[in-house]
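Accompanying notes for the structure given below.
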Amino acid sequence: MLIAPSLLSADFSRLGEEVAALEQAGADWVHFDVMDGHFVPPITIGPRTVEHCRRYAKLPFDVHLMIENPERSIDAFRDAGANTISVHVEATRHIHRALESIRKAGMRPGVCLNPGSPLVLVEPVLKDADLLVVMCVNPGWGGQKYIEGSPERIKAARALRDRLNPKLEIEVDGGVNAETGRQSTQSGATVLVAGSFVFGHPQGAKAAIDQLR
């Protein structure tokens, strides 16, 4: 099980320090939520933020592109220090090409699926991905409630993974806390993304990460 705290809930005035603290707290990855104000309403960060954060930690950087035409930004995030880039099947007309471009750029490709999208949309490209991101909230804002029925969806994703690409990571993003994290891992998730639970934990990020484990 890998823990990937999301910086969406961090203090944006001191992101470098937050990233360094996550490394010290035992996080496995750092998750960056990149939003463009079009594919999702909010606007968050770009490649320069990732580049500046890279100075503070050696952890793998897991970049989640919630943007339209994500293929246009692949090289910029590679140059900024990303290790994994995940793109939404709903955000590009050419998901296979986007995943191929990520791998050719030297990073691990991931494909994301919104809660209202059927798993059949990603089935044709699961062999071309290293990561399947199952959204358990509607993308855009942190602190949302885990959507009821998500464990069954994760189980279905895990069954696809076991049949088509046993090395694929199943990353669960949205509404993850100690209870929903347990439900997700029992359903087949291998990576947990948690934002508000980690950064809002009364005893700090390390306690939150330990509790998730």
Side-chain angles (χ1 to χ4, degrees), residues 1-36 40 42-67 70 73-74 76-88 102 105-112 129-137 139-144 169-178 181 184-185 189-201 203-213:
M1 175 54 53
L2 300 174
I3 308 297
S6 168
L7 291 179
L8 189 60
S9 298
D11 181 347
F12 271 45
S13 70
R14 48 191 296 272
L15 280 183
E17 296 170 35
E18 298 276 45
V19 168
L22 290 176
E23 188 167 57
Q24 292 298 315
D28 297 295
W29 297 353
V30 179
H31 187 83
F32 291 82
D33 290 297
V34 178
M35 308 182 194
D36 64 357
V40 292
I43 298 173
T44 54
I45 62 171
R48 279 184 62 81
T49 304
V50 176
E51 179 185 358
H52 290 173
C53 288
R54 175 46 78 197
R55 304 171 188 171
Y56 289 83
K58 296 180 180 179
L59 286 176
F61 280 7
D62 177 35
V63 175
H64 178 189
L65 297 184
M66 287 172 270
I67 63 176
S73 301
I74 289 168
F77 281 100
R78 175 202 59 200
D79 295 344
N83 301 100
T84 298
I85 290 185
S86 297
V87 297
H88 278 261
I102 294 167
M107 296 171 291
R108 301 179 70 205
V111 58
C112 309
D130 289 349
L131 187 70
L132 170 61
V133 182
V134 179
M135 296 299 299
C136 295
V137 300
W141 289 275
Q144 297 185 65
E169 300 280 9
I170 303 291
E171 180 176 293
V172 169
D173 187 354
V176 171
N177 55 35
S184 298
T185 55
T190 62
V191 183
L192 295 179
V193 175
S196 56
F197 180 73
V198 171
F199 288 98
H201 197 285
Q203 295 168 330
K206 186 178 188 309
I209 291 168
D210 290 345
Q211 192 172 353
L212 285 171
R213 291 199 194 284

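Computed over heavy atoms, backbone and side chain alike; hydrogens, waters and symmetry mates excluded.
In this structure, Gln211 and Gln203 have side chains that are not in contact, with every pair of non-hydrogen atoms separated by 4.5 Å or more. Counting heavy atoms from C-beta outward, Leu22 and Val198 have side chains that approach closer than 4.5 Å. A heavy-atom distance below 4.5 Å is not found between the side chains of Thr84 and Glu169. Between Thr44 and Met66, the closest side-chain pair of non-hydrogen atoms is not below 4.5 Å. For the pair His52/Val19, no side-chain contact is recorded, criterion being any heavy-atom separation below 4.5 Å from C-beta on. Considering only heavy atoms from C-beta on, Leu131 stays 4.5 Å or farther from Arg108 through its side chain. Residues Asn83 and Arg54 meet the side-chain proximity criterion, which asks for heavy atoms closer than 4.5 Å.
With rounding to the nearest 0.5 Å, the separation of CE in Met35 from CD1 in Ile67 is 11.5 Å. Here CG of Leu212 is found 5.0 Å from CD1 of Ile3. Values are rounded to the nearest 0.5 Å. Once rounded to the nearest 0.5 Å, the distance linking OG1 of Thr190 with CD1 of Ile170 reads 6.0 Å. Note that CG of Leu8 and CG of Asp173 are 9.0 Å apart. Values are rounded to the nearest 0.5 Å.
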Quick one: do Leu7 and Phe199 satisfy side-chain contact (heavy atoms from CB on, under 4.5 Å)? Show the steps, please. CA-CA 8 Å; Leu7 291 179; Phe199 288 98; 3.9 Å; yes
Is there a side-chain contact (heavy atoms from CB on, under 4.5 Å) between Phe12 and Thr49 once you walk through the steps? CA-CA 10 Å; Phe12 271 45; Thr49 304; over 6 Å; no
I would like to know whether Met107 and Ile74 meet side-chain contact (heavy atoms from CB on, under 4.5 Å); could you show each step before the answer? CA-CA 9 Å; Met107 296 171 291; Ile74 289 168; 3.8 Å; yes
Could you give me the CA-CA distance, side-chain angles and deciding distance for Asp33 and Ser6, then say whether side chain to side chain donor-acceptor pair (under 3.5 Å) is met? CA-CA 7 Å; Asp33 290 297; Ser6 168; 2.5 Å; yes
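Taking each heavy atom of Val176 and Phe197 in turn, the nearest pair found is O-CB, 3.4 Å. Nearest heavy atom pair, residue Pro5 against residue Ile209, reads CG-CD1, 4.1 Å. The minimum heavy-atom distance linking Cys112 with Ser86 is given by the pair SG-CB, 3.4 Å. Listed here is the closest heavy atom pair of Ala82 and Val50: N-CG1, 4.4 Å. Of all heavy-atom pairs between Val34 and Val63, the closest is CG2-CG1, 3.9 Å. Shortest non-hydrogen contact noted between His201 and Ala207 is CE1-CB, 3.8 Å.
Residues passing the ring pair (Phe, Tyr, Trp, His ring centres under 6.0 Å) test with His88 are Phe39, His64, sequence neighbours excluded. For Ser184, the side chain to side chain donor-acceptor pair (under 3.5 Å) criterion is met by Tyr146, not counting sequence neighbours. Among residues two or more places apart in sequence or in another chain, the salt bridge (charged side-chain N to carboxylate O under 4.0 Å, His left out) test is passed with Asp36 by none. Among residues two or more places apart in sequence or in another chain, the ring pair (Phe, Tyr, Trp, His ring centres under 6.0 Å) test is passed with Phe61 by Phe32.
Applying the salt bridge (charged side-chain N to carboxylate O under 4.0 Å, His left out) test to every pair with at least one member in residues 1-27, sequence neighbours left out, gives these pairs: Arg14-Glu17, Arg14-Glu18. Note on residues 42-51: no pairs pass salt bridge (charged side-chain N to carboxylate O under 4.0 Å, His left out), not counting sequence neighbours.
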